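Residue numbers begin at 1 in each chain, while the letters A, B, ... track the order of the sequences. All of these numbers come straight from a predicted model, not from anything done at the bench.
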Amino acid sequence: MMGFPFIREGYVECPERCRFPRVRCLVELGLSGLMSDLVHWQMKERAWRCAGCRQVSTSGQGLRHQQEPGRQEDADTHPAALTDADLMHMFSDITKELQSQFELYEIAKYYFDGQGKAVRPMITVLMSRAINSHLHNEDRLFESQREVAKVAEMIHTASLVHDDVLDASDTRRGKPSVNSLYGQRKAVMAGDYILSVASTMLARIRNEEVIVVLSQVLADLVQGEFMQLGSKENENERFAHYLKKTFKKTASLLAYSCKSVALLSGADENLQEVAFQYGRNVGIAFQLVDDMLDFVASSNMMGKPTAADLKLGLATAPVLFACEKFPELNPMIMRRFQEPGDVQKAFEFVHKSDGLEQTQFLARQHCETAIKVISSLKASSEQKALITITDKVLNRMK
Amino acid sequence: MSVRQVKTCGQLVRRVVGCGRGFSRWAAASQLPTADGVPPPTHTSFRLDQKTYSTVPQQRPDWNRAVSDAEKIVGYPTSYLTLRSLLSDEMSNIAVHMRKLVGSSHPLLKTAKRLIYNGRNNMQTRGLIVLLISKAAGHLNPEELEQDQPAGVSIGQRSLAEITEMIHTAHLIHKGVVNLSPTVFDGTTLQDMEFGNKIAILSGDYLLANACTGLATLRNTMVVELISTAISDFMEAEFIGERDNQGNPVPDVTITMRDWEEKNFLAAGSLMAKSCQATLVLAGHTDEMQRKGFEFGKEIALAWQAYSDLQPFTDLYRHPPGTAIDLTSAPVILHLQHDLSILDLVAAAGDSMENCDFKKIHNMIMAGTGVEEAKDLCQSHAQAALNVLQEVFEPSDARTALENIINALRIY
């Protein structure tokens with residue numbers, strides 16, 4: 001085993017029953033649902049057993065000393081390990097803030113059950129500590145920065161709730177979507193409610209700059225949705241349009257959250273830019289991999305069905321790349337794959353072309369930019385973890 | 001955007017919501033705004049046997065005069081529906097998509113028509129009240145006021161008034177989202193409704209996002225907190241009480257005026273109260289003053305709500321019996337305190353309140369004391385608002401304008 005202290009012996013079956021050997025399965029799927037399931041399970045059990053010496057520890061940190069020498073680095077830079085103490089209470093904190101009249105509370109806290117990947121809060125917390133280490137030589141997490149992590153997750157969830165109504169999705173994260181359970185009206189109201197609570201929490205940080213930065217995210221999210229409604233006729237403009245939309249819909253939240261925590265740490269403009277660029281590049285890479293997974297993953301790995309983008313009429317990176325080899329895709333894109341057989345044909349074209357490889361390559365380029373940018377920070381466990389995360393973003397299976 | 005694009009945008013919007021001719025009758029009949037923004041239903045034909053109704057639209061000179069006088073004092077509240085907003089890509093995007101909704105019965109179309117055609121009197125009143133309160137209270141630091149602000153209202157306060165209106169509109173638009181159930185809507189109607197929902201959600205989100213960025217620009221975290229909690233409040237209000245399958249409220253045996261007040265405070269009062277408080281925060285007033293501003297906003301909002309609840313029973317020209325009424329409005333609840341028989345009619349309607357026999361309900365309530373008691377309620381809230389005004393604010397033209405507006409709410 002790779003010196004991984006967080007595995008309880010016997011719990012090695014991948015819940016997804018994936019075909020990877022069990023060790024790789026547990027370690028490689030860094031940001032996947034499996035890892036967060038694992039962390040979640042451990043949080044519930046509150047007991048950690050070292051796979052080597054079988055000693056049980058009731059505190060999260062206690063097993064570090066069990067590490068074999070030379071493995072120290074692995075465990076110390078593991079993103080989940082470094083952040084789970086902070087994030088452990090995050091979901092329950094959020095649900096406390098959402099307290100309200102009966103049904104609204106049920107709906108609002110529906111997605112905050114810990115089943116999500118919690119990528120954004122994880123990155124936000126890591127960035128906070130990395131910047132704090134860089135500037136102040138201590139990796140303490142400020143309360144305000146933890147609030148930003150929570151707000152980021154809430155904004156993300158609120159946008160998911162609205163997106164599900166817009167796309168008429170029936171499932172999300174492996175369970176029925178809010179709109180399929182409660183109807184469209186209540187879903188929209190609940191999304192607005194989550195947003196308003198997030199906004200209140202943001203105000204309570206009492207930092208005007210941060211509010212300016214994060215409210216830009218809201219404007220970007222809506223603009224991204226609008227951009228998705230329309231399509232560009234000119235093929236050359238299409239890719240630029242796609243990248244801009246990707247920034248607004250996905251990377252914007254990550255980029256501005258990173259920038260906010262840098263602000264709260266007292267960073268100057270250059271350092272804020274470092275944080276921003278890291279978040280932006282990781283966010284774009286994340287979305288590119290997401291778009292790629294839509295073509296390769298099977299339904300039971302993700303929490304949502306696949307070829308979903310094509311069915312919604314969206315031309316994502318793999319399709320846009322495939323156009324170079326198969327120009328027949330162009331009219332299909334213009335009519336948003338509405339004609340019968342379009343979705344199937346486009347799917348096949350993408351697989352026949354090198355669209356997926358090109359997408360992966362582009363994602364890797366963005367990750368490399370992110371790594372380059374974050375390397376300008378002083379070395380710390382969190383800074384290394386931020387580098388590790390880019391790897392996990394690229395290689396995730398869901 | 002060029003001038004030509006602006007003109008095209010405006011033309012497109014007008015073409016989408018219908019040409020002006022058909023609505024001149026509507027616009028000419030000066031009507032009092034309903035507090036929750038539900039437009040009074042237009043009817044195109046009278047049944048010949050209904051001879052008792054007057055065909056002359058009732059004049060409401062006091063409200064309109066009060067509002068237009070007030071606008072002269074603080075300036076026309078800048079409408080986000082003016083050039084700046086029509087210039088944005090999103091709005092022209094919305095207009096293009098709205099075109100597809102024409103002919104459908106999605107509530108969004110009605111809301112849009114009201115916004116474009118009745119912008120002056122109906123929809124801007126909340127912002128106007130915020131501006132008037134700002135002026136009446138004055139700015140504690142007159143040197144801080146920017147130049148060219150003759151009305152004594154700072155740019156931040158003006159922005160806040162606009163934001164209040166934006167949030168209110170976003171809420172109205174989101175309330176127009178329809179539950180899509182295949183049992184209620186058939187094939188093409190379902191598609192129309194789905195599309196209408198999309199536009200409604202996106203427009204509402206766009207307005208909310210703009211409101212949030214606008215709030216952030218004010219650089220005052222207290223104001224952001226106040227307005228965000230107001231938004232949480234009126235979202236909560238949507239979930240209070242029993243609802244039918246389209247979200248219409250349903251009364252039950254236990255309902256009281258306490259419920260009415262709680263629900264309407266959250267739904268209408270909170271935004272008004274907190275905006276008034278927020279504008280006083282921006283001017284640097286004391287906590288005590290802010291509390292009074294809050295109270296004023298709350299009382300005027302409740303008076304306004306009681307007024308609009310009364311309309312189906314006092315304005316029979318625009319609300320002939322048989323048109324749908326909110327069954328948790330003040331006159332209905334007050335009637336239920338004496339006589340529960342309406343609940344039988346409610347139960348008979350089943351899943352959707354639209355099936356109710358509204359004509360019968362209307363007659364029952366007119367025959368009882370509900371209407372008179374609701375009028376008393378309206379008077380008491382209006383009086384409370386006046387008391388706060390006169391107790392706290394120095395006499396000024398802004399204060400008089402507010403008094404006139406409140407007094408217009410006491411005339412039926």
* Given that the side chain runs from C-beta out, which part of A/D167 has a heavy atom under 4.5 Å from chain B: side chain, backbone, both or neither? -> neither

* Asked: Of the non-hydrogen atoms in B/F239 and A/E103, which two are nearest, and what is the gap between them?
  -> CD2-OE1, 4.0 Å

* **Top contributor to chain A contacts, counting heavy-atom pairs under 4.5 Å, from B/D205, B/L215, B/I231** => B/D205

* Find the one option among B/S232, B/A209, B/G214 whose heavy-atom pairs under 4.5 Å with chain A are most numerous. => B/S232

* Structure fact -> Between the CG atom in B/L226 and the OG1 atom in A/T200, the distance rounded to the nearest 0.5 Å is 9.5 Å

* Asked: Does A/R185 reach the side chain of B/K175, with side-chain heavy atoms less than 4.5 Å apart?
  -> yes

* **B/C212 SG to A/I211 CD1 distance, which is reported to the nearest 0.5 Å** => 10.0 Å

* Sort B/E236 into side chain, backbone, both or neither according to what part of it lies under 4.5 angstrom from a heavy atom of chain A. => both

* Side chain from CB out, backbone as N, CA, C, O: work out which of these in B/L202 comes under 4.5 Å of a heavy atom of chain A, or both, or neither. => both

* **Residue pair B/L208 / A/D192, side-chain heavy-atom distance below 4.5 Å** => yes

* Any side-chain heavy atom of A/Q184 sitting closer than 4.5 Å to one from B/E194? -> no

* Contact origin within B/V223 toward chain A - heavy atom pairs under 4.5 Å -> neither

* Asked: How far does OH of B/Y206 sit from CD of A/Q223, to the nearest 0.5 angstrom?
  -> 8.5 Å

* **Top of A/L202, A/L218, A/N207 for chain B proximity - count of heavy-atom pairs under 4.5 angstrom** => A/L218

* Looking at B/K198 and A/L166, what are the two nearest heavy atoms and their distance? -> CE-O, 3.2 Å

* Asked: How far does OG1 of B/T213 sit from CG of A/D220, to the nearest 0.5 angstrom?
  -> 10.0 Å

* Which heavy atom in A/S215 sits nearest to a heavy atom in B/A216, and how many Å separate them? -> OG-CB, 3.3 Å

* Spacing of CD belonging to B/E238 relative to CE belonging to A/M189, to within rounding of 0.5 Å -> 4.0 Å

* Asked: Would a distance-only check, ignoring hydrogens and angles, find a side-chain to backbone donor-acceptor pair under 3.5 Å from A/E208 to B/T221?
  -> no

* Are B/R219 and A/E209 close enough for a salt bridge, meaning some N to O gap below 4.0 Å? -> yes

* Asked: Above 12 or not: heavy atoms from other molecules or residues under 6.0 Å from NZ of B/K298?
  -> no

* Asked: Within a strict 4.5 Å, meaning less than it, do heavy atoms of the A/V165 and B/I201 side chains meet?
  -> yes

* Structure fact -> Cut-off 4.5 Å, heavy atoms of chain B, and the answer for A/I107 is side chain

* Asked: For the candidates A/Q216, A/M201, A/K186, which exhibits the highest count of non-hydrogen atom pairs separated by less than 4.5 Å from chain B?
  -> A/K186

* Do NZ/NE/NH1/NH2 and the carboxylate oxygens of B/E225 and A/R206 come within less than 4.0 Å? -> yes

* Portion of B/N220 that has a non-hydrogen atom of chain A nearer than 4.5 angstrom -> backbone

* Could you name the residues of residues 252-263 of chain B that have a heavy atom within less than 4.5 Å of a heavy atom in chain A? -> B/E262

* To do: For A/E273, look at atom CD and say whether over 12 heavy atoms of other residues, nucleotides or ligands are found less than 6.0 Å away.
  => yes

